[in-house]
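All remarks here apply to the structure that follows.
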Amino acid sequence: MPDLRRQVFESGKTISRKAASREGSRRTSRANSTPNSRQSSQNPSRHASDEEDAGNLSDDTALSIGSLDDLTDNPEIDNANWAEELGDVVEDILDRKRSSILSREEAYAAFCRLSKGHYIEEQIRFRASDLLAAFCRSVKFENSVRETTLALRALELLAITALDNTIYENVEPLLTRAIRDSTSHVVKAGAIHCLGTCTMFGGAGEGGILDQMTFLLDVAASDGQSIEAGDDPGSVTAALQVWGAMATEIDDLEGESEDAIQIFMDQLNSGDSSVQIAAGENIALLYEKSYTPQEDDEDSEESQEESDEESFMSAQGERDGPKLIKRYNAYHNTHELESQLQSLATIHSKHISKRDKKNLHSNFASILTTVENPRRGPMYNTAIDQDTNRHYGSKLTVKIGRQGVMNIDRWWKWIRLNSLRRILQGGFAQHYYQGNRAVLDSLPVMVRQSTPADRDRGMAKKAAKSRNNQRWAVHQQSDEE
């Protein structure tokens, strides 16, 4: 306890003995449990802690097509007393009079951990407005980078949990000011992500979404200069990612497509792979949106090339949904764009790390496939048939939890999945299975994956049926004799 007491006294604030005891026990518990939980995890580096979140909120948790992570159960959430702990944490957050910077940081970190790992809507139903006010105060005063970024994370998790359509109108001015005026690039990136989450799940409506998309496009077009984050890849990546997530909510982007793609093409020249991939995914999304399902009463006159492509996709088992019809040109110079995407899909610069190079190759091969034919969504392990010069690859599926599998056959699904994965991290499966309405409304229905036990039962049933058939045949033969 001496270190804790020293930091509290140096902050100039007092803290109750009860609160100090809680903070110390939580920190000790987390320190003791982390090594064990990481050893039991399938991928130790996959789920960042809340402290790590505070250090870099820009792109750490984004998935790439080249290296899919399973969205598996979080080993840190199996805590039988989590609801009781959450109640104590909420009381600590709302006890502002006796709090210090340190105590708020600890309380926000605990709130983020618990609200990621559990769907807490019922537990906070009558305290949501008070929690909102507490998080907003920390963002407003920005006493420390860690407190502010944790408050932004907590605010995001509150927005995706609370089902409150008043959140956006209450936080939008504050978050916009943090994005423009904060002296920390980490805070700016965190505030951009938080603004996106509050916009999509906090009641902004289509008008509010379009307003924020315009704002974020300006951030990307100016390389962050418009928010005094010049050439900061974290802020620009955040703006591109949030723009894409918001764009999935808008049906018709014909009026925005041309200018947006031009801006994203400029960002393909960035020296940061996260910026390049986020811009490329948005381009693929806009090309995908230029095609919509054919209406029942609509006649279409397809060219021979389109008919051949439809036949090819059907033969490959890639046509599961309705027939897609081109509605408009996503961009005026697709040939120029394809050339730029091709160079990224095959880039071999010595100045790029092997990991970044692999991600660029796999992602941009898939993005190029969609730009060439917007009927095709993201594909995993995309390659080129040298004889036909066609792009092909296995369908993109993501394992969620122990038995769930989600087919990601469209870019809007992929971008939404990435957005939710960044917010909920290792708790995504828990929120999905526990019925978080925001998550369920955002993604398609999950398919249950057969387990070894299921397969064993299936084989046993087949064997029993075979034995019964054999007995029946023998019985029939005996009767005939």
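If you take OG on Ser184 and CD on Glu142, they are separated by 6.5 Å, rounding to the nearest 0.5 Å. Here the CD1 atom belonging to Ile192 is positioned 12.0 Å from the OG1 atom belonging to Thr197, to the nearest 0.5 angstrom. To the nearest 0.5 Å, the span separating OG1 on Thr397 from CG on Asp409 amounts to 11.0 Å. Rounded to the nearest 0.5 angstrom, Ile120 CD1 and Asn436 CG are separated by 10.0 Å. Note that the CZ atom of Phe201 and the CD1 atom of Ile167 stand 11.0 Å from one another [nearest 0.5 Å]. Here Gln241 contributes atom CD and Ser274 contributes atom OG; the two are 7.5 Å apart, rounded to the nearest 0.5 Å.
Minimum heavy-atom separation, Ser226 to Val219: OG-CA, 3.5 Å. The two residues Ala365 and Ala345 have their closest heavy-atom pair at N-CB, 3.7 Å. Lys357 approaches Ile352 most closely through the heavy-atom pair N-CG2, 3.7 Å. Counting all heavy atoms, side chain and backbone alike, Ser115 lies closest to Leu157 at OG-CD1, 3.4 Å. The shortest heavy-atom contact between Cys112 and Arg153 is SG-CB, 3.8 Å. Of all non-hydrogen atoms in Ala107 and Ile93, the two that sit nearest each other are CB-CG1, 3.7 Å.
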Next item on the list: Assess whether side chain to side chain donor-acceptor pair (under 3.5 Å) is satisfied between Gln267 and Asp223, documenting all intermediate values.
Entry: CA-CA 8 Å; Gln267 291 303 323; Asp223 289 328; 2.6 Å; yes

Notebook entry, point to check: Would Glu147 and Ser138 count as a side chain to side chain donor-acceptor pair (under 3.5 Å) if you check the C-alpha gap in whole Å, the side-chain angles of each, and the deciding distance to 0.1 Å?
Noted result: CA-CA 7 Å; Glu147 178 187 345; Ser138 289; 2.6 Å; yes

Checklist line | Criterion side-chain contact (heavy atoms from CB on, under 4.5 Å) on Phe111 and Leu86, from CA distance to verdict | finding: CA-CA 7 Å; Phe111 180 87; Leu86 176 64; 4.1 Å; yes

Next item on the list: Please test Gln434 against His118 for side chain to side chain donor-acceptor pair (under 3.5 Å), starting from the C-alpha separation and ending with a verdict.
Entry: CA-CA 8 Å; Gln434 291 176 13; His118 306 274; 4.7 Å; no

Check: Going through the distances and angles, do Leu337 and Ile283 end up as a side-chain contact (heavy atoms from CB on, under 4.5 Å)?
Finding: CA-CA 10 Å; Leu337 174 58; Ile283 290 171; 3.6 Å; yes

Notebook entry, point to check: Can you check side-chain contact (heavy atoms from CB on, under 4.5 Å) on Lys413 and Ile415, steps first, answer last?
Noted result: CA-CA 6 Å; Lys413 297 177 185 178; Ile415 290 173; over 6 Å; no

Checklist line | side-chain contact (heavy atoms from CB on, under 4.5 Å) assessment of Leu268 paired with Leu341 | finding: CA-CA 8 Å; Leu268 295 180; Leu341 296 174; 3.9 Å; yes

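No side-chain heavy atom of Thr148 sits less than 4.5 Å from a side-chain heavy atom of Phe141. The shortest side-chain heavy-atom distance between Val236 and Leu240 falls under the 4.5 Å cut-off. Counting heavy atoms from C-beta on, the side chains of Leu324 and Thr292 never come closer than 4.5 Å. Using a 4.5 Å cut-off on side-chain heavy atoms (C-beta onward), Ile277 and Phe364 make contact. With a 4.5 Å cut-off on side-chain heavy atoms, Met246 and Ile250 do not count as touching. Side-chain atoms of Met265 and Glu336, non-hydrogen and from C-beta on, do get closer than 4.5 Å to each other. Residues Glu338 and Leu368 are in side-chain contact: their nearest non-hydrogen atoms beyond the backbone lie under 4.5 Å apart. By the 4.5 Å heavy-atom criterion applied to side chains, Trp411 and Glu281 are counted as neighbours.
No donor-acceptor pair closer than 3.5 Å links the side chain of Gln294 to the backbone N or O of Ile325. Judged by distance alone, the side chain of His361 and the main-chain N or O of Ile347 form a donor-acceptor pair under 3.5 Å. Listed for the Lys323 side chain is no donor-acceptor partner under 3.5 Å among the backbone atoms of Pro293. Looking at Ser366, its side chain never comes within 3.5 Å of a backbone N or O of Asn363 through a donor-acceptor pair. The closest donor-acceptor contact from the side chain of Asn373 to the backbone of Arg375 lies under 3.5 Å.
Between Thr166 and Asp164, the side chains place a donor N or O and an acceptor N or O closer than 3.5 Å (distance only, hydrogens not considered). Gln340 and Asn269 share a side-chain donor-acceptor pair at under 3.5 Å. Side chains of Gln212 and Tyr168: a donor on one and an acceptor on the other come within 3.5 Å. Judged by distance alone, the side chains of Tyr287 and Thr334 do bring a donor and an acceptor atom under 3.5 Å apart. Under the 3.5 Å distance criterion, with hydrogens and angles disregarded, no donor-acceptor pair is assigned to the side chains of Ser257 and Tyr328.
We find that Arg416 and Glu249 are joined by a salt bridge, their nearest charged nitrogen and carboxylate oxygen being less than 4.0 Å apart. A salt bridge does not link Glu156 with Lys116: none of the charged nitrogens is closer than 4.0 Å to a carboxylate oxygen. With respect to Glu288 and Arg410, a salt bridge is recorded, a charged nitrogen being found less than 4.0 Å from a carboxylate O.
Sparse packing is recorded around CZ of Arg355, with 12 or fewer heavy atoms of other residues, nucleotides or ligands lying under 6.0 Å away.
Ring pair Tyr119/Tyr433: centre-to-centre distance not below 6.0 Å.
Ring-plane geometry between Trp243 and Phe264 is classed as perpendicular, the angle between the planes exceeding 60 degrees on a 0 to 90 degree scale with a lower cut at 30.
Listed by first and then second residue, the salt bridge (charged side-chain N to carboxylate O under 4.0 Å, His left out) pairs involving residues 426-438 are Arg437-Asp441 (not counting sequence neighbours).
Under the side-chain hydrogen bond (donor to acceptor under 3.5 Å, both in side chains) criterion, Thr176 pairs with Glu172, not counting sequence neighbours.
For the side-chain contact (heavy atoms from CB on, under 4.5 Å) criterion with Cys198, the lone passing option out of Leu158, Leu175, Ile160, Leu152 is Leu175.
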